[in-house]
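Notes for the one structure printed next.
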Amino acid sequence: MHDPSHRQGSAALSTAEDAALISEVTQLCARLIRFDTSNYGAGDSRGEREAAEWTAELLSDSGYEPVVLESAPRRASTVVRIPGEDRDAPALLVHGHLDVVPAERADWSFDPFCGEISDGVILGRGALDMKDMDAMMLAVARSWARRGVRPPRDVVMAFVADEEDTGELGAGFLTDRHPDLFEGVTTAIGESGGYSVHLPDASRLYPIAVGERGSAWMDLTARGTAGHGSRPGADNAVTTLAATLAALAAHRWPVRTVPAVAALLEGLSAHLGITVDPADPASLAQLGEAAKLVEATVANTLNPTMLKAGYKHNVIPSEATAGVDGRILPGAEEDFFATVDALLGKKVARSFHSFAAPVFADHESREFAAMAAALRRADPEALVLPFIMSGGTDAKAFARLGIQCYGFGPGLTPPGFDAWRYVHGVDEQVLVSSLEFGVRVLEDFLRTDPLVLRTER
């Protein structure tokens, strides 16, 4: 059993410093939201340069030496290395993205970029995805500067562009063109994990992401014989593609329980005193909110998302195309593509719009134990278990450097607060109380020396 009080860098926060940290994280989150950093995809974005420069200015004012790097005009990211007490120890990366998905003003009950603080809530696009984490990172760094704190190891903080598209103009650019910024980094933490999930017995689960399904965004192309729409068309590209998409949508991917998902199911089953069959939706429903952590990560998936064909009602086109979104479990790539190719047949070709392989990290590592310990210090009743993300984050880019990536953006919300309703949704908002919990846990974890922690289950 490790010593849960072993934290380096300075003494615990004083009451005054804790109050300053809480006040600042709230104001920083609100201000970040007011930057319209909407990412429309295909290289079309706004506001990232302004947000990156503002972030760098705050860090510079605190005595750090951040760098702002542009991958394309106005597509900027900020990176800073905070020197640790042991410069030879393996370094840690903390990353968050500055861009957000677009928001349609007419659908919202308030200005999506108002950044207003009202009745214990901060309103606006990015409040949960993920300017709350960006604000926590900034608040911790600035608190350390005020107090003269050095973390036990180097901590690299990256505030990046383009995560809401392919990431290649943000984390991808940084890892490909500036890998020296991450020299010595062995572990990273980023979005999606460490937040509260309320279980049917009223207890609280804090899942930590230890992996992500891979993403295969593909273009499918069927070719046929062009002709007049009034004549029989035996070789019609549209009907060929439609039949292929129907076959792909109807395919039932086999259940595969990868080790992290197995650990999640075993931990929940033991905690709740139930037996769960991951292949049975009704059985998964016993997990309540936690079922969402499992249902999309027990199999590969593929969904048609776009269609394009023809230019006139009375012309049979020679070509029809579709966009599909494939998601692949760790270790399942070969089976995924073999299945897709078999369903496509000979008349439909596929090409990649983008591809990112699955990533995974060790859920029995000392780093995982350190995150779990920080959560339990803040919430002694916390149940902490690993999970696999159904989607993807910038972890895929940082993993290319051999970095072990975890999803750890802590937060605590009450029962009934459906965060996933707001992420990429309408009227996005974050609770101030969740920010307060999260920034304390993050600061605690970052001051913990992971080399002295022993794995704790």
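Heavy atoms only: backbone and side chains are in, while hydrogens, waters and symmetry mates are out.
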Query raised in the report: Does CZ in Arg231 sit with more than 12 non-hydrogen atoms of other residues, nucleotides or ligands closer than 6.0 Å?
Result: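 Open: at most 12 neighbouring heavy atoms sit under 6.0 Å from CZ of Arg231.
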Report task. Report, as yes or no, whether the 6.0 Å neighbourhood of atom CZ on Phe437 holds more than 12 heavy atoms from other residues, nucleotides or ligands. Result ->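 Yes, the 6.0 Å shell around CZ holds more than 12 heavy atoms from other groups.
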Exam field: side chain [X] to backbone [Y], donor-acceptor pair closer than 3.5 Å:
{"X": "Glu428", "Y": "Ala127", "answer": "yes"}
{"X": "Thr186", "Y": "Ile403", "answer": "no"}
{"X": "Glu367", "Y": "Asp362", "answer": "no"}
{"X": "Thr305", "Y": "Gly323", "answer": "yes"}
{"X": "Thr297", "Y": "Ser390", "answer": "no"}
{"X": "Glu212", "Y": "Thr393", "answer": "yes"}
{"X": "Gln286", "Y": "Ser283", "answer": "yes"}
{"X": "Arg252", "Y": "Ala250", "answer": "yes"}
{"X": "Glu48", "Y": "Asn39", "answer": "no"}
{"X": "Asn300", "Y": "Leu329", "answer": "yes"}

Mind checking whether [X] and [Y] have side chains closer than 4.5 Å, heavy atoms only?
{"X": "Tyr406", "Y": "Val210", "answer": "yes"}
{"X": "Val359", "Y": "Phe398", "answer": "no"}
{"X": "Ile189", "Y": "Leu442", "answer": "yes"}
{"X": "Val94", "Y": "Val140", "answer": "no"}
{"X": "His178", "Y": "Leu69", "answer": "yes"}
{"X": "Met133", "Y": "His95", "answer": "no"}
{"X": "Arg75", "Y": "Phe173", "answer": "no"}
{"X": "Val294", "Y": "Val276", "answer": "no"}

Requested in this report: Kindly confirm or rule out a cation-pi arrangement of Arg366 over Phe368, judged by NZ or CZ under 6.0 Å from the six-membered ring centre and within 45° of its axis?
Outcome: no
Requested in this report: Flag this pair as yes if the NZ/CZ of Arg31 is under 6.0 angstrom from the six-membered ring centre of Phe35 and inside a 45 degree cone about the axis; otherwise no.
Outcome: yes
Closest heavy-atom pair and its distance - [X], [Y]:
{"X": "Phe159", "Y": "Asp134", "answer": "CE2-O, 3.6 Å"}
{"X": "Ala290", "Y": "Val197", "answer": "N-CG1, 3.8 Å"}
{"X": "Arg74", "Y": "Glu70", "answer": "N-OE2, 2.8 Å"}
{"X": "Ser196", "Y": "Leu412", "answer": "OG-CA, 3.5 Å"}
{"X": "Cys405", "Y": "Ala361", "answer": "O-CB, 3.6 Å"}
{"X": "Ala161", "Y": "Ala76", "answer": "CB-O, 3.4 Å"}

Salt bridge between [X] and [Y], side-chain N to carboxylate O under 4.0 Å?
{"X": "Arg142", "Y": "Asp61", "answer": "no"}
{"X": "Arg125", "Y": "Glu164", "answer": "no"}
{"X": "Glu65", "Y": "Arg81", "answer": "no"}

Which value, rounded to the nearest 0.5 Å, describes the distance between [X] atom [atom1] and [Y] atom [atom2]?
{"X": "Ile388", "Y": "Leu264", "atom1": "CD1", "atom2": "CG", "answer": "9.5 Å"}
{"X": "Asp162", "Y": "Leu98", "atom1": "CG", "atom2": "CG", "answer": "11.5 Å"}
{"X": "Leu293", "Y": "Leu287", "atom1": "CG", "atom2": "CG", "answer": "9.0 Å"}
{"X": "Phe408", "Y": "Thr187", "atom1": "CZ", "atom2": "OG1", "answer": "13.0 Å"}
{"X": "Met306", "Y": "Asp325", "atom1": "CE", "atom2": "CG", "answer": "9.5 Å"}
{"X": "Met389", "Y": "Arg213", "atom1": "CE", "atom2": "CZ", "answer": "10.5 Å"}

Between [Y] and [X], is there a side-chain donor-acceptor contact under 3.5 Å, judged purely by atom types and distance?
{"X": "Thr37", "Y": "Lys131", "result": "yes"}
{"X": "Ser38", "Y": "Asp36", "result": "yes"}
{"X": "His271", "Y": "Ser203", "result": "yes"}

Query raised in the report: Angle class for the Phe352/Phe355 ring planes (parallel below 30°, perpendicular above 60°, tilted otherwise)?
Result: tilted
Requested in this report: List the steps and the verdict of side chain to side chain contact (heavy atoms under 4.5 Å, CB included) for Val432 and Ile122.
Outcome: CA-CA 7 Å; Val432 171; Ile122 307 174; 3.9 Å; yes
**Report entry** Evaluation steps, side chain to side chain donor-acceptor pair (under 3.5 Å), between Asp219 and Thr321
**Finding:** CA-CA 7 Å; Asp219 296 318; Thr321 62; over 6 Å; no
Query raised in the report: When the ring centroid of Phe417 is compared with that of Tyr195, is the distance short of 6.0 Å?
Result: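 No.
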**Report entry** CA sep, side-chain torsions, deciding dist, call: Arg421, Asp427, salt bridge (charged side-chain N to carboxylate O under 4.0 Å, His left out)
**Finding:** CA-CA 9 Å; Arg421 168 191 168 190; Asp427 287 352; 5.7 Å; no
